[in-house]
Amino acid sequence: MGEEIFTSKKKLGFGLMRLPLTDPNVDTSIDIEQCKKMVDAFIEQGFTYFDTAWMYCGFKSEEATKEFLVDRYPRDSFTLTTKLHAGFIKTKEDRDRIFNEQRRKTGVEYFDYYLLHDMGKDHYKIYTDLDCFTWIQEKKAAGLVKHIGFSFHDTAEVLDEILTAHPEMEFVQLQLNYLDWDSEGVQSRKCYEVACKHGKPVIVMEPVKGGTLANVPEGVSRLFKGYNPEASIPSWAIRFAASLENVKMVLSGMSNLEQLMDNTGYMKDFKPLNEEEQKLIKEAVGIINGSITIPCTGCSYCTDGCPMHIAIPKYFSLYNTDRQERAARGADWTPQGEYYDRLTMEFGKASACVQCGQCEGVCPQHLPIIQYLQDVAAYFEG
């Protein structure tokens, strides 16, 4: 089944959620010219898979995709994926309203892959109540979608329940990386095994865990560089995901040309991890687990509805980075505190949290964000 759905021999996909920005604090300020250069380099090397969604980049990713990809390349030279999110549909009419708007925004007649986005127990109920599983099959039958599936953030038990009830779903998109592989929270391995049991090919999202596995502790960097000085740190994470047999595509959210050239360089003629590399990754997991405090992927789902305009993922990233840096080199002063202070000139401080719970309600990782914000406030403001 997987080979029929995913015909590309190259396993790297371009995730269009973390695009280069002209203003790093404004999600909608997409750098179109930089994106064009990146898309050109991506396609020139034989890669074809692009992944966007309704809400990416402040709801502007799909429009930008039309400008830097669809308007510039023949339709049969690339594959395009987008998604319907349960958080934006209240009625059955909303399904077609959003789908038609997505076709307009991207400028395509059909989508190669279409997903019911961020599936979990709560969203599964919404998709069921609004008959979205029948609706998406109708879109496929009409030729408006070639292949249907869903992205997933929940337990392996819930995934098994959904795939058992809906065998018509052709693939599943999972958060999968070497840090989450044996995590009881994310359950990457268990979910992967469920997908295999049901014969569903897997697309991988968050292979570098929102950049966490690109900025590893010094001990991990020494470990990897000692084995292969030429290989970038993120390459270990992406190759880990791509080495799994039932993984057909690994999405990477690339924010600049340098990242793209690195990723395409080792994925163009992909070589799976060998036994020694797998052992090094297990060792790296132990080191990282001892240094990362907040396992945030930086998806920013939590920020759009925050009444206090708190830059939650940015603060969590600074917090993790600062703790890692201090642990690694025992520094008395680190730059993260200054970055935090400067961000609070534009965004609400972590201490401004009113504990409304909106963020925790939409977090795909189900993180205790309110508590973490209190920790961040005490750390940077106290």
Side-chain angles (χ1 to χ4, degrees), residues 6 8 10-24 26-45 47-73 75 77-85 88 98-99 101-108 110-118 145 147 149-151 173 175 203-211 214 234 238 241 249-264 267 297-301 303-304 313 364:
F6 297 97
S8 173
K10 298 191 186 301
K11 281 191 171 184
L12 180 68
F14 196 156
L16 305 176
M17 181 170 77
R18 298 183 176 96
L19 294 171
L21 305 173
T22 57
D23 183 339
V26 180
D27 290 342
T28 57
S29 65
I30 299 168
D31 188 338
I32 297 295
E33 293 308 311
Q34 175 81 336
C35 288
K36 288 179 180 178
K37 293 175 184 177
M38 293 170 69
V39 166
D40 291 347
F42 193 71
I43 289 179
E44 282 170 11
Q45 297 180 83
F47 298 90
T48 61
Y49 192 98
F50 295 86
D51 173 275
T52 185
W54 176 248
M55 76 293 293
Y56 288 176
C57 300
F59 300 88
K60 294 297 183 182
S61 176
E62 290 172 325
E63 288 179 320
T65 300
K66 180 179 189 298
E67 193 169 350
F68 60 65
L69 173 66
V70 177
D71 288 347
R72 300 174 63 242
Y73 283 91
R75 182 64 184 90
S77 67
F78 62 87
T79 53
L80 184 61
T81 297
T82 194
K83 314 172 187 80
L84 180 75
H85 194 288
F88 301 98
I98 289 177
F99 185 83
E101 182 69 0
Q102 288 175 310
R103 290 174 67 205
R104 184 197 67 78
K105 288 167 73 175
T106 58
V108 298
Y110 66 90
F111 296 108
D112 298 278
Y113 305 90
Y114 197 85
L115 286 73
L116 299 179
H117 196 22
D118 190 17
V145 172
H147 300 290
F150 60 92
S151 63
Q173 186 164 304
Q175 176 171 319
I203 301 175
V204 169
M205 56 185 166
E206 301 292 353
V208 192
K209 201 168 172 64
I238 291 178
M249 191 63 60
V250 179
L251 302 177
S252 177
M254 296 172 278
S255 302
N256 56 56
L257 187 59
E258 182 182 5
Q259 290 176 4
L260 185 140
M261 295 307 292
D262 176 46
N263 286 346
T264 54
M267 288 300 289
T297 68
C299 71
S300 293
Y301 287 2
T303 58
D304 284 345

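What's counted below: heavy atoms across the whole structure, side chains too, no hydrogens, waters or symmetry copies.
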Flag, side chain of Ser61 to backbone of Thr52, donor-acceptor distance under 3.5 Å = no
inquiry  = Just checking Glu258: does its CD atom have more than 12 heavy atoms from other residues, nucleotides or ligands closer to it than 6.0 angstrom?
reply    = no
Check: Lys11 and Phe6 side chains under 4.5 Å, non-hydrogen atoms = no
task = For residues Cys35 and Ile30, determine if any side-chain heavy atom of one lies less than 4.5 Å from a side-chain heavy atom of the other.
result = yes
query = Side chains of Lys10 and Phe47: closer than 4.5 Å at any heavy-atom pair?
reply = yes
key: Side-chain (Thr79) to main-chain (Asp112) donor-acceptor, under 3.5 angstrom   = no
message = Check Glu33 with Lys36, please: is the shortest side-chain N to carboxylate O separation under 4.0 Å?
response = yes
query = Is there a side-chain contact between Tyr110 and Val108 (heavy atoms, below 4.5 Å)?
reply = no
query = Of the non-hydrogen atoms in Ser8 and Met249, which two are nearest, and what is the gap between them?
reply = CB-CE, 4.5 Å
ask   = Which value, rounded to the nearest 0.5 Å, describes the distance between Ser252 atom OG and Met17 atom CE?
value = 10.5 Å
query = Any donor and acceptor pair, going by atom type alone, linking the side chain of Glu67 with main-chain N or O of Glu63 inside 3.5 Å?
reply = no
inquiry  = Does the plane of the ring in His117 sit parallel, tilted or perpendicular to the ring in Tyr56? Use 30° and 60° as the thresholds.
reply    = perpendicular
task = For the pair Tyr73 and Phe50, evaluate ring pair (Phe, Tyr, Trp, His ring centres under 6.0 Å) and give the outcome as yes or no after the intermediate values.
result = CA-CA 13 Å; Tyr73 283 91; Phe50 295 86; 8.2 Å; no
Phe42 versus Gly13, closest heavy-atom pair with distance = CZ-C, 4.0 Å
query = Atom CZ of Phe78 and atom CZ of Arg75: how far apart are they, to the nearest 0.5 Å?
reply = 4.5 Å
ask   = Relative to the ring of Phe59, is the ring of Phe88 parallel (under 30°), tilted (30 to 60°) or perpendicular (over 60°)?
value = perpendicular
query = Are Arg72 and Asp40 ion-paired here, with the side-chain N under 4.0 Å from a carboxylate O?
reply = yes
task = Write down the atom of Met205, the atom of Ser151, and the distance for their closest heavy-atom approach.
result = CE-CB, 4.0 Å
inquiry  = Between Phe14 and Leu69, does the side chain to side chain contact (heavy atoms under 4.5 Å, CB included) criterion hold? Intermediate values first, please.
reply    = CA-CA 12 Å; Phe14 196 156; Leu69 173 66; over 6 Å; no
query = If every non-hydrogen atom of Val208 is compared with every non-hydrogen atom of Ala214, which pair is closest and at what distance?
reply = CG1-N, 3.5 Å
note = Interatomic distance, CD@Gln34 vs CG@Asn256, rounded to 0.5 Å, equals 6.5 Å
key: Exam field: side chain Thr65 to backbone Thr106, donor-acceptor pair closer than 3.5 Å   = no
ask   = Is any side-chain N of the basic residue among Glu206 and Arg18 closer than 4.0 Å to the acidic one's carboxylate O?
value = yes
task = Nearest 0.5 Å please: distance from the CG atom of Leu84 over to the CG atom of Asp118.
result = 11.5 Å
note = Given the options Ile43, Asp31, Leu260, Met38 meets side chain to side chain contact (heavy atoms under 4.5 Å, CB included) only with Leu260
task = Would you name the heavy atoms of Lys83 and Gln173 that are closest together and state the gap between them?
result = CE-NE2, 3.9 Å
message = Treating Arg104 as the side-chain partner and Gly107 as the backbone partner, does any N or O pair qualify as donor plus acceptor under 3.5 Å?
response = no
ask   = Atom CD1 of Ile203 and atom OH of Tyr49: how far apart are they, to the nearest 0.5 Å?
value = 3.5 Å
key: Which residues share a side-chain hydrogen bond (donor to acceptor under 3.5 Å, both in side chains) with Glu62, sequence neighbours left out   = Thr82, Gln102, Lys105
ask   = Charged N to carboxylate O below 4.0 Å: is that the case for Lys60 and Asp27?
value = no
